[in-house]
Amino acid sequence: MVVLHVKKGNESQFLYETTTKAPIGDLVSKLVSLYNGRLKILRICSALESVCDHGLSLPGNMQGLTDEQIAELHLVDEWATRCEASGGHRFNKDPMGCRNGRAPNEKMVDLIKRTISEAKKAISREQMEAGVSVSENVVKDAIDRLRGAMMIVYPMGLPPHEPIRMELEGNEDLSGTQVPPPQLTSTLQNVALID
């Protein structure tokens with residue numbers, strides 16, 4: 001059994017346990033999948049933090065518009081009432097105009113924040129510093145926990161334009177965002193074996 005210390009540049013990412021008999025192609029594929037899975041978890045957590053503050057995403061044709069512009073264009077967020085948070089919502093207008101302002105109540109926000117904290121902890125660099133390896137199951141479990149929290153908070157589901165839903169379904173579109181798409185490919189450098 002060997003432990004791989006995966007880095008991107010000089011920045012440590014995670015540890016991964018494998019055997020010396022593992023084919024390099026399979027190993028690289030697993031490492032890329034783990035790295036990209038960690039990025040997915042961080043994107044979902046970031047979007048969930050926005051949900052806690054300002055509710056679900058507005059449809060694309062309403063984002064960035066003022067209330068007056070929305071009224072003038074006769075636009076309606078038909079998903080706002082269909083996708084109501086459990087226990088109701090509190091209104092907190094999104095100053096960026098990207099979310100509907102219908103944030104979950106405090107009880108649901110606490111649930112989301114606890115889940116975010118658990119997911120981030122499972123894939124954190126602190127795990128690496130403690131000598132804990134990341135596995136496919138750790139990444140899958142973290143994503144499943146985030147999905148479960150959203151199912152509790154929004155039992156009627158999420159609108160199709162919600163970035164969290166797209167991430168959970170594997171349909172995320174990162175074009176036009178500051179988040180680059182996962183770029184880790186089969187060219188891995190700075191992989192060191194640790195006994």
Side-chain angles (χ1 to χ4, degrees), residues 1-53 57 98 108-154 157-158 160-195:
M1 186 65 66
V2 293
V3 177
L4 300 178
H5 181 178
V6 179
K7 294 182 176 185
K8 183 173 184 210
N10 288 331
E11 193 174 330
S12 295
Q13 299 297 314
F14 58 92
L15 300 177
Y16 181 74
E17 283 186 25
T18 187
T19 65
T20 56
K21 297 181 190 298
I24 297 296
D26 294 348
L27 178 61
V28 170
S29 177
K30 285 180 183 177
L31 293 175
V32 168
S33 177
L34 284 174
Y35 180 83
N36 292 341
R38 290 174 71 246
L39 292 178
K40 178 184 280 287
I41 290 167
L42 295 175
R43 288 192 304 269
I44 294 170
C45 289
S46 176
L48 281 171
E49 289 165 355
S50 294
V51 166
C52 289
D53 294 336
S57 181
C98 293
M108 295 295 114
V109 167
D110 289 343
L111 170 73
I112 292 170
K113 288 187 175 182
R114 274 194 320 272
T115 307
I116 288 171
S117 177
E118 291 169 4
K120 284 183 173 181
K121 183 178 178 185
I123 62 162
S124 73
R125 290 193 182 99
E126 293 166 358
Q127 296 288 66
M128 183 201 62
E129 292 165 2
V132 177
S133 297
V134 174
S135 69
E136 294 90 347
N137 289 339
V138 169
V139 171
K140 183 183 178 310
D141 182 57
I143 291 172
D144 287 344
R145 285 175 187 244
L146 294 168
R147 178 181 290 112
M150 289 310 294
M151 290 171 73
I152 291 169
V153 177
Y154 292 99
L158 299 173
H161 55 270
E162 174 58 51
I164 297 168
R165 177 175 172 175
M166 290 187 259
E167 285 281 358
L168 292 172
E169 292 175 350
N171 299 325
E172 61 273 16
D173 178 15
L174 302 176
S175 61
T177 66
Q178 292 182 352
V179 179
Q183 294 296 315
L184 189 59
T185 60
S186 60
T187 306
L188 295 177
Q189 298 175 3
N190 297 329
V191 177
L193 294 179
I194 301 171
D195 288 329

- Message: Can you tell me how far apart NZ (K113) and CD1 (I116) are? Round to the nearest 0.5 Å.
- Response: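 Rounded to the nearest 0.5 Å, the NZ-CD1 separation comes out at 7.5 Å.
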- Could you give the distance from CE (M108) to CD1 (I152), rounded to the nearest 0.5 Å?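 If I round to the nearest 0.5 Å, the distance is 7.5 Å.
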side-chain contact (heavy atoms from CB on, under 4.5 Å) against [X], all qualifying residues, sequence neighbours excluded:
{"X": "A122", "value": "V138"}
{"X": "S117", "value": "none"}
{"X": "A142", "value": "I41, A119"}

Partner residues of [X] under the salt bridge (charged side-chain N to carboxylate O under 4.0 Å, His left out) criterion, sequence neighbours left out:
{"X": "K120", "result": "E49"}
{"X": "K140", "result": "D144"}
{"X": "E167", "result": "K40, R43"}

- Task: Of all the heavy-atom pairs spanning A149 and L111, show the shortest one and how long it is.
- Result: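 Smallest interatomic distance, heavy atoms only, reads O-CD2, 4.2 Å.
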- Message: Please find the pair of heavy atoms, one from M150 and one from L158, that lie closest to each other, and give the distance.
- Response: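 Nearest pair, atom of M150 first, then L158: CE-CD2, 3.5 Å.
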- Message: Please check this pair: side chain of S29 against backbone of G25, looking for a donor-acceptor N/O pair closer than 3.5 Å.
- Response: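 No; judged by distance alone, with no hydrogens or angles, the pair does not exist.
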- Query: Which residues satisfy the side-chain hydrogen bond (donor to acceptor under 3.5 Å, both in side chains) test with E118, sequence neighbours excluded?
  - Reply: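 For E118, the residues satisfying side-chain hydrogen bond (donor to acceptor under 3.5 Å, both in side chains) (neighbours in sequence not counted) are R145.
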So, do [X] and [Y] sit near enough that their side-chain heavy atoms are less than 4.5 Å apart?
{"X": "L27", "Y": "L4", "answer": "yes"}
{"X": "Y154", "Y": "E162", "answer": "no"}
{"X": "L39", "Y": "N36", "answer": "yes"}
{"X": "I164", "Y": "L146", "answer": "no"}

Side-chain atoms of residues 12-20: list all donor-acceptor pairs with protein atoms under 3.5 Å, sequence neighbours left out, distances to 0.1 Å.
from : atom 1 : to   : atom 2 : distance (Å)
S12  : OG     : H5   : NE2    : 2.8
Q13  : OE1    : R38  : NH1    : 3.1
Q13  : NE2    : E11  : O      : 3.4
Y16  : OH     : E136 : OE2    : 3.4
T19  : OG1    : K21  : N      : 3.4
T19  : OG1    : A22  : N      : 3.4

